[in-house]
Every structure is written in structure tokens, then in C-alpha cells.
Amino acid sequence: VQLQASGGGLVQAGGSLRLSCEASGSIVFVDDMGWYRQAPGKERELVAKITLSGRTNYGHFVAGRFTVSRDNAKNTVSLQMNNLEPDDTAVYYCNAALVIRQAVGVRQSDQWGQGTLVTVSS
């Protein structure tokens, strides 16, 4: 089971980026999905989260600039980031609450992607 993130890169302040993440493997069920970020010297923080039914929750710093979405049929979550600021520079991690299949039975798994770097230049 893995989460594969893509879409990071270098962008100028005021620009946009779209991050995507796909969950794959022996997945029975995908509950909440979302994005977190960690800047150098700082703790990891919530960027955006979306429930299976589509309810969203954003970090206070988002201020309407980002939009999280998901495709339940494809087990993907995306983050559209507009009007990026230098303070948005960080490694962005996707996260998903999964129920995964084991050799015998199933179990819950809080799965993290490998992280994708977003750099915003001033």
C-alpha cells in the first residue's frame, strides 16, 4: 500500500501549483484524505483535509487560496494552490486514513506519501 504524490516544483510568488496523490495497493476503504506540510525548522501542519463525503477543512493560513478535492473512484486527492506566497515553501505530504487488506483480515492504516517539495520564490 502506498501514496504516490506528484506536482511539486518551483513557482514565483502569486503563481499556482496543483498537487496530486494516488493511493494504491490492497485497499479496502479510503476515509479522510488530505495534505500536510513541513517547512524547515517547523512542525508538520495541516493544509487541507477532505472526508469521504466531501466535507473540507483547511489550515488557517490558506485563506481561500487552496482547494482540496478527491476522486473516490480513483482513490486520489488533489490540492490546487493559487496565489502562492514564499511562506508556502515546504515539503507537502499527502495523507489518507485507509482500511487495508492483510493476509488474514483487514486493519486500519494512517498512510503517508513520500512528500513533494514546493518552493515559492519572491
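Quick note: residue numbers are just sequence positions, from 1. Values below: all heavy atoms of this structure, side chains included; hydrogens, waters and symmetry mates excluded.
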Problem - Cation over ring face, Arg44 and Tyr93, 6.0 Å, 45° - result: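 The answer is yes; both the distance and angle limits are met.
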Problem - Geometric cation-pi criterion, Arg101 with Phe29: 6.0 Å, 45° - result: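 The answer is no, since Arg101 fails at least one limit relative to Phe29.
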Practice task
Check the side chains of Asp110 and Gln108 for a donor-acceptor pair under 3.5 angstrom, ignoring hydrogens and angles.
Solution key: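 The criterion, which ignores hydrogens and geometry beyond distance, is not satisfied for Asp110 and Gln108.
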Problem - Short side-chain donor-acceptor distance under 3.5 Å, Ser109 and Gln111 - result: yes
Handout entry: Residues Asp32, Ile50; criterion side-chain contact (heavy atoms from CB on, under 4.5 Å); working and verdict
Key = CA-CA 6 Å; Asp32 292 357; Ile50 183 167; over 6 Å; no
What pair of heavy atoms forms the shortest contact from [X] to [Y], and how long is it?
X: Arg70; Y: Asp31; answer: NH1-O, 2.8 Å
X: Leu3; Y: Ala96; answer: CD1-N, 3.7 Å
X: Thr116; Y: Leu19; answer: CG2-CD2, 4.0 Å
X: Leu17; Y: Leu84; answer: N-CD1, 3.8 Å

Practice task
Spell out, as yes or no, whether a donor-acceptor pair under 3.5 Å connects the side chain of Tyr58 to the backbone of Val68.
Solution key: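 Side chain of Tyr58 to backbone of Val68: a pair is present.
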Report yes if the side chains of [X] and [Y] come closer than 4.5 Å at any heavy-atom pair, otherwise no.
X: Tyr92; Y: Gln38; value: no
X: Asn72; Y: Val30; value: no
X: Asn82; Y: Phe66; value: no
X: Arg107; Y: Val99; value: no
X: Ser78; Y: Arg18; value: yes
X: Val77; Y: Trp35; value: yes
X: Leu79; Y: Met81; value: yes
X: Glu85; Y: Arg65; value: yes

Spatial distance of atom [atom1] ([X]) from atom [atom2] ([Y]) [nearest 0.5 Å]:
X: Gln4; Y: Ser20; atom1: CD; atom2: OG; result: 11.0 Å
X: Glu22; Y: Asn75; atom1: CD; atom2: CG; result: 7.5 Å
X: Ser26; Y: Gln102; atom1: OG; atom2: CD; result: 10.0 Å
X: Gln80; Y: Ser69; atom1: CD; atom2: OG; result: 8.5 Å

Exercise for the section: Treating Ile, Leu, Val, Met, Phe, Trp and Tyr as nodes and any side-chain heavy-atom pair under 4.5 angstrom as an edge, say whether Phe61 and Val120 lie in one connected cluster. Expected result: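 Yes, because Phe61 and Val120 connect within a single hydrophobic cluster, where side-chain heavy atoms sit under 4.5 Å apart.
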Exercise for the section: Establish whether Val91 and Leu10 are linked, either directly or via other cluster members, by ILVMFWY side-chain heavy-atom contacts under 4.5 Å. Expected result: no
Practice task
May I have the step-by-step check of side-chain contact (heavy atoms from CB on, under 4.5 Å) for Thr119 and Val11, ending in yes or no?
Solution key: CA-CA 6 Å; Thr119 303; Val11 65; over 6 Å; no
Practice task
Take Arg37 and Asp88 through the test side-chain contact (heavy atoms from CB on, under 4.5 Å) and record every step on the way to the result.
Solution key: CA-CA 9 Å; Arg37 72 183 188 184; Asp88 294 318; 2.8 Å; yes
Fill in the blank from the handout: With Lys49 as partner, the option from Thr51, Leu46, Val47 fulfilling side chain to side chain contact (heavy atoms under 4.5 Å, CB included) is Leu46
Handout entry: Results of side chain to side chain donor-acceptor pair (under 3.5 Å) for Ser121 - residues two or more places apart only
Key = none
